[in-house]
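In this text the structure is predicted, and so the values were computed from the model without any measurement.
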Amino acid sequence: MSDKQIRTINPLTEDVIATYSLMSDEEAAATVSACHEAFLEWRLRSLEDRAGVIAAIGQELRDSKEEFAALMTREVGKLIGDSRSEVDLVAAICDYTAKQGPAVLADEERSADGATAYVAHAPIGVVYGIQPWNFPAYQAVRYSIASLMAGNGVLLKHAESCTGSGLFLRDLYERAGLPKGLFGVLLISHEQSDTVIENDLVRAVTLTGSDKAGRAVAAKAGALVKKTVLELGSNDAYLVLDDADIDLAVETCVAGRIYNNGQTCVNAKRFIVTDRNHEAFVEAYVEKFRAIAMGDPTDEKTALGPLVSKAQRDKLHEQVEESVAKGARVLVGGQVPDRTGWFYPATVLVDVAPGQPAYDDELFGPAASIIRAKDDEDAMQIANDSRYGLGGGIFSRDVERARELAAKHFDTGMIFINTFDVASPDLPFGGVKTSGYGREHGPEGLKEFVNVKSIKIGTTAK
């Protein structure tokens, strides 16, 4: 064991939950090797056999929901209801994968120049995932279940804040019947992580995190010609067009901003409201945000829990203060409360403009940026005026027009019309620009980490 340690800390109480030793370089390498050895057998099992194990994992997740939810809330401060919903979501991902995976990944027969041909979807080997803390179960399940269905081995470097959740998931997978070692959890430093990427047994890397981290990992993997899938956050814009239902827009945009304590890559973050609706939207939005009380995330009645860490809370406050210094105004919130726990109040910023963090960057917490647009066309231009492109939304009574705007003009990977959502097992998840590339979920996600083989059969000579 290494003498370096990881501590998990409860964001509500600021007390240490558990202490873990980092792996030595030798232990990390042994975990990679064990994953590869398990993969060599797993890859030969039928699609139906793999699906059976994944279905069992889904059931084990449901059976362990209360224990897992309580652990996630303790480690990262999620509302207990959100933690339970997260377990429901990952169980649904397992259900979808077990049901659809065998058909999606089956050989496809094709005709090529009159000859019989097949397209096979073979596993590529060990897939290394580097994941963040905001969804301790979902982030790890999202890539691992698809990779396991494809026949790959999987490694996880989870965020230090939710180390216990990563280990819990490994043990849960194995209880459900996954071969030991096939899902390996690495307790390692960033420097050791680079060594894992360099390991010849690792064939691909997926990361969810900041665009800075994504660039570093992509550069490292690209130099070794290893495939990557990256999901790098966003400052998702929600457009409130001239013909929007304002009551629906306000209700949805409030919920979309504070979901998961505002710490979600696809949270609604920038609210671009046309002149016609701006005053009414701001007034109603501020009223609802002012009523959001902070509290104990284990209490079912709490609407807003603490942020994951002091560093995260302080960064958000610095972004708010810098935005104000550059011309934004705070209508509610914006002050760090004097209390135990890493809380930040529901905060509304207006007069948000280019050059401010509230306009240009991702505010990872319960701070909403409201931006005035002249009209619908201007609103779309402002929405696309971002280096990010993960998700976004449109509020309009003309659904067909909104759909056309979403399909032809909104430069993001996911768009929600008159609603807010996080993820669906059957719809691809991912973005463009510096929000990353590649897709997870749906048939597209099942095929991200496979070797698509072309097999052509010639006529036998007589």
Inset, instruction - May I have the step-by-step check of side chain to side chain donor-acceptor pair (under 3.5 Å) for Ser193 and Tyr128, ending in yes or no? - result: CA-CA 10 Å; Ser193 180; Tyr128 176 37; 2.7 Å; yes
Inset, instruction - Identify which one of Asp243, Asn418, Asp245 satisfies the side chain to side chain donor-acceptor pair (under 3.5 Å) criterion when paired with Ser396. - result: Asp243
Inset, instruction - Would you check if the side chain of Asn277 reaches a backbone N or O of Leu241 as a donor-acceptor pair within less than 3.5 Å? - result: yes
Inset, instruction - For Asn260 and Asn134, indicate whether the former's side chain and the latter's backbone hold a donor-acceptor pair under 3.5 Å. - result: yes
Inset, instruction - May I have the step-by-step check of side chain to side chain donor-acceptor pair (under 3.5 Å) for Tyr238 and Thr252, ending in yes or no? - result: CA-CA 10 Å; Tyr238 276 63; Thr252 307; over 6 Å; no
Inset, instruction - Check the surroundings of atom CD in Glu251: do more than 12 heavy atoms from other residues, nucleotides or ligands lie under 6.0 Å from it? - result: no
Inset, instruction - List in chain and number order the residues that pass side chain to side chain contact (heavy atoms under 4.5 Å, CB included) with Val452, two or more places apart in sequence or in another chain; answer none if no residue qualifies. - result: Val119, His121, Val450
Legend entry - Pairs meeting criterion salt bridge (Lys or Arg N to Asp or Glu O under 4.0 Å) with involvement of residues 407-425, two or more places apart: Glu404-Lys408, Asp411-Lys433
Inset, instruction - Please check if the side chain of Thr412 supplies one atom and the backbone of Met414 the other of a donor-acceptor pair under 3.5 Å. - result: yes
Inset, instruction - Run through Lys227, Arg142, Glu231, Glu440 and flag the one making a side-chain contact (heavy atoms from CB on, under 4.5 Å) with Thr206. - result: Glu440
Inset, instruction - Check for a donor-acceptor pair, side chain of Asn384 on one end and backbone N or O of His409 on the other, with a separation under 3.5 Å. - result: yes
Legend entry - Glu191/Lys4 ion pair, N-O < 4.0 Å: no
